[in-house]
*Asks:* 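I'd like to ask some things about the structure below.
As the structure is a computational prediction, the values presented were derived from the model and not from experiment.
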Amino acid sequence: SRVLVALSTRGTRTMAPAKVTDAFQATKRGRGVAKGKPKAKSVRAADTKPEIDTTEEYLNILKSFDMTSKFGPALGLTRLERWERAEKLDLSPPADVLRILREVGEDDPEIRECVWERIV
């Protein structure tokens with residue numbers, strides 16, 4: 001163990017600790033009886049989780065379907081037409097996509113059309 005020697009202001013030598021942490025007494029916290037007011041318990045993150053916007057969740061699922069090339073071309077077809085084509089060709093398209101398309105309906109162009117239709 002290393003010990004550093006330091007000079008005091010009076011010119012005498014004193015023994016300084018080798019590490020800064022050696023100069024302080026270690027204390028353990030959180031043991032024993034609590035003093036004072038009890039602290040409020042924290043609320044779990046799951047209890048305060050905001051509601052997920054279902055439209056945003058649906059669009060993420062549909063975008064993932066659009067970006068997957070194994071289901072064939074996306075341009076020139078509605079998402080439902082593409083899903084039905086993929087099903088006919090036994091490409092196993094996600095059932096969630098069909099459920100969303102039927103649940104939300106074909107009225108909304110953002111849901112009906114492929115993400116590429118608005119870009120290209």
Side-chain angles (χ1 to χ4, degrees):
S1 126
R2 295 182 348 192
V3 176
L4 300 175
V5 177
L7 293 175
S8 70
T9 56
R10 295 185 186 159
T12 60
R13 297 176 121 191
T14 59
M15 299 298 284
K19 298 179 185 174
V20 172
T21 55
D22 293 341
F24 300 98
Q25 181 180 0
T27 59
K28 294 185 179 185
R29 297 181 183 191
R31 295 186 183 208
V33 179
K35 296 178 184 178
K37 286 177 130 180
K39 294 182 180 179
K41 292 184 179 180
S42 62
V43 179
R44 291 182 168 229
D47 296 341
T48 60
K49 185 178 178 184
E51 293 291 323
I52 296 174
D53 183 15
T54 54
T55 305
E56 193 67 32
E57 185 179 339
Y58 288 169
L59 289 174
N60 286 335
I61 293 169
L62 294 172
K63 182 180 178 183
S64 175
F65 174 67
D66 292 343
M67 302 302 275
T68 306
S69 62
K70 81 174 196 174
F71 302 121
L75 288 174
L77 301 171
T78 65
R79 284 180 169 138
L80 183 59
E81 291 170 341
R82 183 170 182 242
W83 192 94
E84 290 171 345
R85 179 184 173 280
E87 179 68 22
K88 212 181 278 186
L89 296 172
D90 290 326
L91 299 175
S92 304
D96 288 345
V97 172
L98 181 62
R99 180 184 55 81
I100 292 168
L101 293 173
R102 288 188 175 161
E103 183 178 306
V104 177
E106 290 281 317
D107 298 333
D108 185 2
E110 192 174 23
I111 299 292
R112 180 183 62 234
E113 296 173 355
C114 155
V115 71
W116 296 110
E117 291 292 334
R118 294 180 295 270
I119 296 173
V120 179

*Asks:* Please name all residues satisfying ring-ring contact (aromatic ring centres under 6.0 Å, His included) with Y58, sequence neighbours left out, ordered by chain then number.
*Replies:*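 Here no residue qualifies.
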*Asks:* Measuring from atom CG of D108 to atom CG of L59, what distance do you get when rounded to the nearest 0.5 angstrom?
*Replies:* 8.0 Å
*Asks:* Considering only heavy atoms from C-beta outward, does the side chain of V104 approach that of T55 to under 4.5 Å?
*Replies:* no
*Asks:* Between W83 and F65, is any pair of side-chain heavy atoms under 4.5 Å apart?
*Replies:* yes
*Asks:* Run the side-chain donor-acceptor check on residues 86-97: report pairs under 3.5 Å with partners two or more places apart or on a different chain.
*Replies:*
none

*Asks:* What pairs with L77 under side-chain contact (heavy atoms from CB on, under 4.5 Å), at least two apart in sequence or on another chain?
*Replies:*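 Testing L77 for side-chain contact (heavy atoms from CB on, under 4.5 Å), a comparison that skips the adjacent residues, returns E81, R82, R85.
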*Asks:* With sequence neighbours excluded, give me every salt bridge (Lys or Arg N to Asp or Glu O under 4.0 Å) pair touching residues 61-78.
*Replies:* D66-R79
*Asks:* Test of understanding: with side-chain contact (heavy atoms from CB on, under 4.5 Å), list the residues that count as partners of E84, not counting sequence neighbours.
*Replies:*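 Only L80 meet the side-chain contact (heavy atoms from CB on, under 4.5 Å) criterion with E84.
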*Asks:* Rounded to the nearest 0.5 Å, how far does CD1 of I111 lie from CG of L62?
*Replies:*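 So the gap between those two atoms works out to 5.5 Å.
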*Asks:* Can you list the residues that meet the side chain to side chain donor-acceptor pair (under 3.5 Å) rule with R99, with sequence neighbours excluded?
*Replies:* E103
